[in-house]
Amino acid sequence: MAKVAARRASGDSQRSNQAVGAVSLSDQLKKMLRHPLIILTAVIIGAILGALASVAATPKYQATATVLATPVSPDPNALASNQLTLKIDTEAGVAASREVAEEAAKEIDVNDQGLVSRLVHNVEVAPHSGTEVMDITATADNPEDAALYANSIAKSYLKVRTEAAQERVDAAAKEAKKELDNLPKDSSEQVKATLTEKLAQIQLTNTEAGRVISEAKAPQASQNLGMLKTALVGACLGLLIGAVLAWIADSRARKLAHADRAEEVVRGPVSHIRRGSEVEDTRRAMMALGAPVGHVSSGDHRGVIVYSPTPQLAEQYASVVGESISQENVHFTDSISTALSNEPTFQAVADQPTVVVASHEAGFSEVLSAAENLGAALIVVDSSTESAQLREFAQLAARTSHADIEYVYLAS
């Protein structure tokens, strides 16, 4: 009994370790590729929708004007050269401002109420780092408007900046002239000359904000990807969606269909019974039960129950089990009550190995109780086996049974 308990404890430990096995990426890809029709359908639908989107989409055109901004003195009264610097990022912000958009809208169409908003949202200003140059790019529904918007923003930016500089000069000149006019009559000629020179310098202050070094031209082609490229993008998205749908369909499949899905359901290894190698593969499965070289019984077992939740599958596999057994005097029966009974009839054959071939109508509790009495069970499944039934049996067996249970998958 100690030997039986130790081996069963070992079996419990193995099942526990198997339940936490990692799932590889290749296994997940294999799941998806089992459903090529789902993936292909999603790819085709994605490509068609992409092509239709391309046809329905409004063409978008972009045009770019390039502006050179020059430093303008912020204070006409202080003409030191170290003040004549320009921050191109700041100037890019000015060019993209609503003030410049409003000025440009006046030049384009003063009656278009939504033009300012379109200019603000459809014009981008990109400064060239380390230079005094920036690109003004406008997007519109037709090439002519795109070029018009870019050029108008560029010119309006220079105009707004020039006017701001001129206002500062005019204000400084006015202040200097006022100071000169209010000089006392007894002021020296040197003081008058100094103020006169200051006024002249202010009036000569440069207010040119820069120039357009490259005007925007109406583009020949739109920025839309085109039907072929859009269809390709749609196909790629369809591939991703199709892969997810295929994975979901595989995970929720009603029938096993594949041997590795059986392993997922029972959360452990499943012996594969290959066509043409049924006897050898069955003997390997029996070795996993502790019945080497086709022996049904060992020190731990009095026999084995063969069961399947799929109709006729256990009966079909029983003939293979019979061919795989090299031990003599094995008692085959289809009566599960034989393994459940404590009557003298069963005791009389207790020393004779017993193979019970259970009907698919037998209850799970009966099968597991028989397995407890016999010591081992072969649970047979194939592609038509219901996943839910196998999962229910495996979960119940893992919680309640100490028998050695080997799951086998019959190849179609």
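These numbers come from a predicted model, not from an experiment.
A donor-acceptor pair under 3.5 Å links the side-chain atoms of Arg261 to the main chain of Leu256, judged by distance alone. Thr230 places no side-chain N or O within donor-acceptor distance of the main-chain N or O of Met227, the cut-off being under 3.5 Å. Remark: side-chain polar atoms of Arg302 are not paired, donor with acceptor, to backbone N or O of Gly375 under 3.5 angstrom.
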Under the side-chain hydrogen bond (donor to acceptor under 3.5 Å, both in side chains) rule, what do Thr66 and Asp135 come out as? Steps first, then yes or no, please.
CA-CA 5 Å; Thr66 304; Asp135 292 331; 2.9 Å; yes

Worked verdict on Tyr407 versus Glu263 for side-chain hydrogen bond (donor to acceptor under 3.5 Å, both in side chains)
CA-CA 9 Å; Tyr407 297 89; Glu263 294 179 346; over 6 Å; no

Could you go through the side-chain hydrogen bond (donor to acceptor under 3.5 Å, both in side chains) check for Ser384 and Asp382 one step at a time?
CA-CA 5 Å; Ser384 65; Asp382 67 359; 2.8 Å; yes

Start with the C-alpha distance between Glu91 and Lys87, add both sets of side-chain angles, then the distance that settles salt bridge (charged side-chain N to carboxylate O under 4.0 Å, His left out), and finish with yes or no.
CA-CA 6 Å; Glu91 295 304 318; Lys87 295 181 178 179; over 6 Å; no

Evaluate Thr333 against Ser335 for side-chain hydrogen bond (donor to acceptor under 3.5 Å, both in side chains), listing each step before the verdict.
CA-CA 5 Å; Thr333 179; Ser335 174; 4.7 Å; no

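Residue pairs meeting the salt bridge (charged side-chain N to carboxylate O under 4.0 Å, His left out) criterion with at least one partner in residues 146-160, sequence neighbours excluded, are Glu103-Lys159, Glu107-Lys159. For residues 223-244, no pair satisfies salt bridge (charged side-chain N to carboxylate O under 4.0 Å, His left out), with sequence neighbours left out.
Note: Asp281 CG to Leu410 CG = 10.0 Å, rounded to the nearest 0.5 Å. The OH atom of Tyr157 sits 9.0 Å away from the OG1 atom of Thr162 when rounded to the nearest 0.5 Å. If you take CG on Leu239 and CG on Leu40, they are separated by 10.5 Å, rounding to the nearest 0.5 Å. To the nearest 0.5 Å, the span separating CG on Leu368 from CZ on Arg399 amounts to 10.5 Å. Between atom CG of residue Asp112 and atom CD1 of residue Ile108 there is a gap of 9.0 Å, rounded to the nearest 0.5 Å. In this structure, CD1 on Ile305 lies 9.0 Å from CD on Glu366, to the nearest 0.5 angstrom.
Side-chain atoms of Tyr409 and Ser383 include no donor-acceptor pair closer than 3.5 Å. At a cut-off of 3.5 Å, with distance as the only test, no side-chain donor of Thr137 or Gln62 sits close to an acceptor on the other residue. In summary, the side chains of Ser401 and Glu372 do present a donor paired with an acceptor at a separation below 3.5 Å, with no hydrogens or angles considered.
Heavy-atom neighbours of Glu124 CD from other residues, nucleotides or ligands within 6.0 Å: at or below the threshold of 12. Within a 6.0 Å radius of CD in Glu163, other residues, nucleotides and ligands contribute more than 12 heavy atoms. The neighbour count for Ile213 CD1, taken as heavy atoms of other residues, nucleotides or ligands under 6.0 Å away, is above 12.
Nearest heavy atoms, Asn151 versus Ala65: OD1-CB, 3.7 Å. Between Val306 and Ala314 the shortest heavy-atom distance is O-CB, 3.9 Å. Scanning all heavy atoms of the two residues, the minimum distance from Ala285 to Ser271 falls at CB-OG, 3.7 Å. Nearest heavy atom pair, residue Val356 against residue Ile336, reads CG1-CA, 3.7 Å. Ser54 and Gly226 get closest at one heavy-atom pair: OG-C, 3.3 Å. For the pair Tyr307 and Ala362, the tightest heavy-atom approach, listed with the atom from each and the gap, is OH-O, 3.7 Å.
Here the rule is side-chain contact (heavy atoms from CB on, under 4.5 Å) with Ile38, and of Leu245, Ile241, Asp250 only Leu245 fits it.
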